[in-house]
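The chains referred to below are lettered A, B, ... by the order of the sequence lines, with proteins before strands, and numbering in each begins at 1.
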Protein chains: 2
Amino acid sequence: MRSEKDGLSERKKQILKAIVQAHIEGGEPVGSKYILENQHLNCSSATIRNEMAELENLGYLEQPHASAGRVPSEQGYRFYVDSLVEHYVMTANEVAQINRLLRAKMGELDQILVEASNLAANLTNYTAIAIKPRASLVTVSKFETIYLEPDHYILVAVSSTGSVKSKHLQTKEPVTPEALENLSGVLNMLMINLSADQITLPHMMKLEALLGNDAHLAADVIKAIYDLLKELDDGEVKVSGLDRLLQYPEYSDMGQLQALLGTLENKEEFLDLVSKNEGEDVSVLIGSESEVKVMNNSALVFKPIIKDGKTLGAIGVLGPRRMDYAKVLGTLEGLSGNIADLIGTGNQITGGVSNGQDAKEGG
Amino acid sequence: MRSEKDGLSERKKQILKAIVQAHIEGGEPVGSKYILENQHLNCSSATIRNEMAELENLGYLEQPHASAGRVPSEQGYRFYVDSLVEHYVMTANEVAQINRLLRAKMGELDQILVEASNLAANLTNYTAIAIKPRASLVTVSKFETIYLEPDHYILVAVSSTGSVKSKHLQTKEPVTPEALENLSGVLNMLMINLSADQITLPHMMKLEALLGNDAHLAADVIKAIYDLLKELDDGEVKVSGLDRLLQYPEYSDMGQLQALLGTLENKEEFLDLVSKNEGEDVSVLIGSESEVKVMNNSALVFKPIIKDGKTLGAIGVLGPRRMDYAKVLGTLEGLSGNIADLIGTGNQITGGVSNGQDAKEGG
DNA sequence: TTTAGCACTCTTTACTGCAGAGTGCTAACT
DNA sequence: AGTTAGCACTCTGCAGTAAAGAGTGCTAAA
């Protein structure tokens with residue numbers, strides 16, 4: 001006993017692993033007999049029972065009631081994910097699927113993320129989420145105006161992360177295309193690389209001054225810029241494959257499910273989660289580990305998409321605590337590799353560095 | 001008997017209405033005794049039973065099993081909605097809530113729709129959806145380019161409906177800001193007001209010719225324009241308050257629920273619905289009326305947002321068949337009035353005509 | 001045409017008993 | 001000391017039954 005540095009004998013590990021895997025597959029408590037039949041250990045069911053009792057004392061297993069089999073505890077899953085899970089390697093077929101679908105939809109990051117989360121849902125058969133984190137440091141790196149009618153133009157802003165947002169603006173007095181060109185010139189001089197709270201009264205004064213005859217545009221433009229910055233800052237959470245949750249009996253209990261759905265609509269908690277685990281490569285949050293109250297019965301695995309040290313987004317998989325971690329981890333690895341490649345090859349703001357497939361679990 | 005032109009005596013109507021309303025509230029079959037106690041008809045429960053038996057023969061009611069109360073049939077709801085429902089008038093409080101929240105989030109149509117559907121979900125306590133219909137006739141009315149780096153620029157397109165989309169483009173050979181200005185000029189001459197299938201080889205030839213030294217840009221630009229048009233065409237469906245469905249016992253049956261969730265992810269069916277009922281003011285689809293297979297137990301009420309004869313979007317409410325139609329209809333009326341006002345007052349592409357609060361049910 | 005009364009049907013709930021699954025413990029074995 | 005066989009015990013799940021309740025349809029009388 002105690003022959004291993006983490007305190008579990010090889011046999012205990014094997015039993016724990018078998019229990020976790022069996023429970024992942026079937027969703028029901030697993031008993032000593034099952035282990036005996038499916039795992040060729042050279043011992044009897046009684047021995048296994050003894051081991052299981054010890055594993056329970058150590059906190060890795062729990063018993064729903066006195067005479068049911070054992071179910072992995074949160075700690076049990078944790079240990080499984082950290083030390084026992086074998087890396088699932090995607091089949092050629094799956095890799096091909098990712099390549100085909102993702103490349104077909106090549107586009108802006110938002111789209112790629114959503115597409116990737118669709119794929120994740122399909123491949124893992126759990127619910128997946130695409131997360132675009134809040135970016136509190138985002139600024140506008142370039143302005144442009146588009147003249148439409150004498151009293152109507154569009155203000156376009158390109159953010160430091162490359163996304164493009166626009167706002168329609170209506171003017172009281174007519175403006176000329178030349179005035180608008182002047183406006184964008186002034187904006188590109190004055191208002192570049194400022195975050196919302198760096199825009200101060202002096203900026204506005206200067207803006208009005210530089211606009212000369214068109215000073216009447218200033219107020220609306222400033223408001224529009226504020227709005228644009230707010231939109232750029234804003235995180236987004238998009239959910240795919242929600243219906244897949246329902247096939248797992250743990251979600252047949254309404255109430256629980258309703259709460260979870262409610263949480264999913266409230267993107268805030270997920271955005272917080274992502275920014276909190278920013279440093280990690282892959283994060284695996286099991287049950288109550290993830291401060292999102294509702295998730296006691298669930299697990300969330302997510303992987304940020306990092307580019308040049310900046311977290312551009314994340315894709316995650318949400319499912320019951322007894323999630324097929326091997327498969328989910330493998331899928332997210334594969335997907336993120338592909339996304340990184342895609343971002344590298346062209347459609348994003350900077351070319352270069354590809355942060356590849358280096359796998360490591362987060363704590 | 002048969003004193004009314006639609007074939008139902010006043011008393012039958014009253015009974016039918018009472019049954020529908022009671023069922024809407026409680027969700028359970030309602031019996032003759034309940035009617036007797038809550039509706040002061042000058043008759044006994046036996047008479048009511050006779051009337052109910054007749055209403056059942058006429059197809060307005062059905063009996064879940066031999067000795068339960070009656071439940072309105074699809075036809076019963078239909079009749080209720082068409083002739084019996086009283087218009088719900090929003091409370092001052094509700095109107096104020098709409099005004100406050102909607103005006104605070106003034107912005108592009110997409111945002112307004114989503115915000116309105118959030119409100120609809122809150123006010124009605126059902127699930128709401130915001131629908132931006134496919135627009136197969138959409139074209140680009142203005143192009144603009146934004147220079148970022150020698151090998152990297154952005155193509156911006158303003159659609160005929162006023163929405164703005166953009167695409168990052170990477171070039172093999174370096175381009176100058178002047179070249180890009182030329183490019184947008186040429187695009188604004190050549191490629192304006194064309195739908196995807198109107199872009200032909202001659203266009204591309206001419207584009208290359210006019211670009212002169214920068215002809216190498218043409219291929220990528222054409223592809224980008226195709227992509228932009230596709231994105232502009234694309235409909236969107238956004239769901240709010242999904243969790244609210246679960247409080248109604250009709251959705252406690254998994255499977256049914258799972259199918260419905262699946263359908264909600266597949267926006268196609270909803271987009272089809274909207275375009276099919278384009279002419280209507282308010283559409284009320286009860287159960288199987290709405291060709292969406294899954295919805296046998298549900299009802300969908302939606303109202304298009306129309307501006308200058310064009311359907312810009314729609315907001316809808318989805319709930320159990322026994323939905324509080326009065327409240328839902330009233331809420332959608334109120335919301336759409338406010339949206340119309342908002343669109344009128346500034347942020348959208350054309351000013352003018354406000355299609356107000358004129359209410360009428362669709363058939 | 002309406003009503004009172006009653007028999008009938010069907011669902012819901014509670015309770016019972018039984019079979020099955022799985023454990024924990026003890027005593028014997030290596 | 002670790003392992004095993006055996007057995008008693010506990011808890012769940014299911015089937016069957018009985019009783020209560022709700023609501024109807026029908027009949028006969030007003």
Side-chain angles (χ1 to χ4, degrees), chain A residues 1-4 7-16 18-20 22-23 26-58 60-73 76 249-250 252-253, chain B residues 1-4 8-12 14-16 18-20 22-23 26-58 60-73 76 249-250 252-253:
Chain A
M1 205 72 339
R2 223 139 271 262
S3 55
E4 298 291 321
L8 289 187
S9 70
E10 265 320 309
R11 191 170 62 191
K12 278 204 184 54
K13 282 187 193 171
Q14 191 179 351
I15 291 175
L16 178 53
I19 290 178
V20 172
H23 184 65
E28 256 147 56
V30 4
S32 55
K33 201 171 151 197
Y34 180 90
I35 303 289
L36 185 67
E37 282 162 5
N38 290 276
Q39 213 71 13
H40 20 50
L41 295 161
N42 282 332
C43 64
S44 73
S45 70
T47 308
I48 297 176
R49 277 202 293 283
N50 289 334
E51 295 282 53
M52 283 164 75
E54 286 188 53
L55 281 169
E56 183 171 357
N57 282 335
L58 294 170
Y60 294 103
L61 296 178
E62 26 193 59
Q63 229 174 347
H65 60 85
S67 124
R70 300 305 208 293
V71 161
S73 69
E250 24 275 273
S252 56
D253 158 39
Chain B
M1 201 85 327
R2 221 142 270 263
S3 55
E4 298 293 318
L8 290 187
S9 69
E10 266 320 307
R11 191 170 62 192
K12 278 205 182 59
Q14 191 179 353
I15 291 175
L16 177 53
I19 290 177
V20 172
H23 184 64
E28 257 148 55
V30 4
S32 55
K33 201 172 151 197
Y34 179 91
I35 302 290
L36 184 66
E37 282 161 6
N38 289 278
Q39 211 71 16
H40 20 51
L41 295 161
N42 282 331
C43 64
S44 73
S45 69
T47 308
I48 297 177
R49 278 202 292 283
N50 289 334
E51 295 283 53
M52 282 164 76
E54 284 187 54
L55 280 169
E56 183 170 356
N57 281 335
L58 293 170
Y60 294 103
L61 296 177
E62 29 194 55
Q63 230 174 346
H65 59 86
S67 126
R70 299 306 209 291
V71 161
S73 68
E250 23 275 274
S252 56
D253 158 37

| query | In whole Å, what is the span from the CD1 atom of A:Ile48 to the P atom of D:dG6? | reply | 17 Å
| Taking every non-hydrogen atom, the tightest pair across A:Pro29 and A:Val71 | CA-CG2, 3.8 Å
| note | Overall bend of the helix from C:dT1-D:dA30 to C:dT30-D:dA1 (five pairs an end, 10° steps) is 20°
Are any protein N/O atoms closer than 3.5 Å to N/O atoms in nucleotides 16-18 of chain D? If there are, list each pair with its distance.
none

| field | C:dT1 phosphate, OP1 or OP2, under 4.0 Å from B:Arg11 side-chain N/O | value | no
| query | Which nucleotide in the set C:dC10, D:dT12, C:dT3 lies at the smallest distance from any side-chain heavy atom of B:His65? | reply | C:dC10
| field | Partners meeting side-chain contact (heavy atoms from CB on, under 4.5 Å) with A:Pro249 (sequence neighbours left out) | value | A:Arg322
| query | Would one find more than 12 heavy atoms of other residues, nucleotides or ligands at under 6.0 Å from atom NE2 of B:His65? | reply | yes
| message | Quick check on side-chain contact (heavy atoms from CB on, under 4.5 Å): which of B:Val20, B:Ile15, B:Ile19, B:Leu16 does B:Tyr60 satisfy it with? | response | B:Leu16
| request: Measure the spacing between CG of B:Leu8 and CG of B:Leu58 and express it to the nearest 0.5 Å. | output: 6.5 Å
| request: Indicate for each nucleotide in nucleotides 19-26 of chain C, in 5' to 3' sequence, whether protein heavy atoms under 4.0 Å reach the base (B), only the sugar-phosphate (S), or nothing (-). | output: --BBBB--
| task | Only counting residues at least two apart or in another chain, list the ones meeting side-chain hydrogen bond (donor to acceptor under 3.5 Å, both in side chains) with A:Gln14. | result | none
| request: Can you tell me the distance, in whole Å, between the CD atom of A:Glu51 and the C1' atom of D:dT4? | output: 14 Å
| Residues forming a side-chain hydrogen bond (donor to acceptor under 3.5 Å, both in side chains) with B:Glu28, sequence neighbours excluded | none
| side-chain hydrogen bond (donor to acceptor under 3.5 Å, both in side chains) with A:Ser45: which residues, sequence neighbours excluded? | A:Arg49
| query | Who are the side-chain hydrogen bond (donor to acceptor under 3.5 Å, both in side chains) partners of B:Glu56, not counting sequence neighbours? | reply | B:Arg70
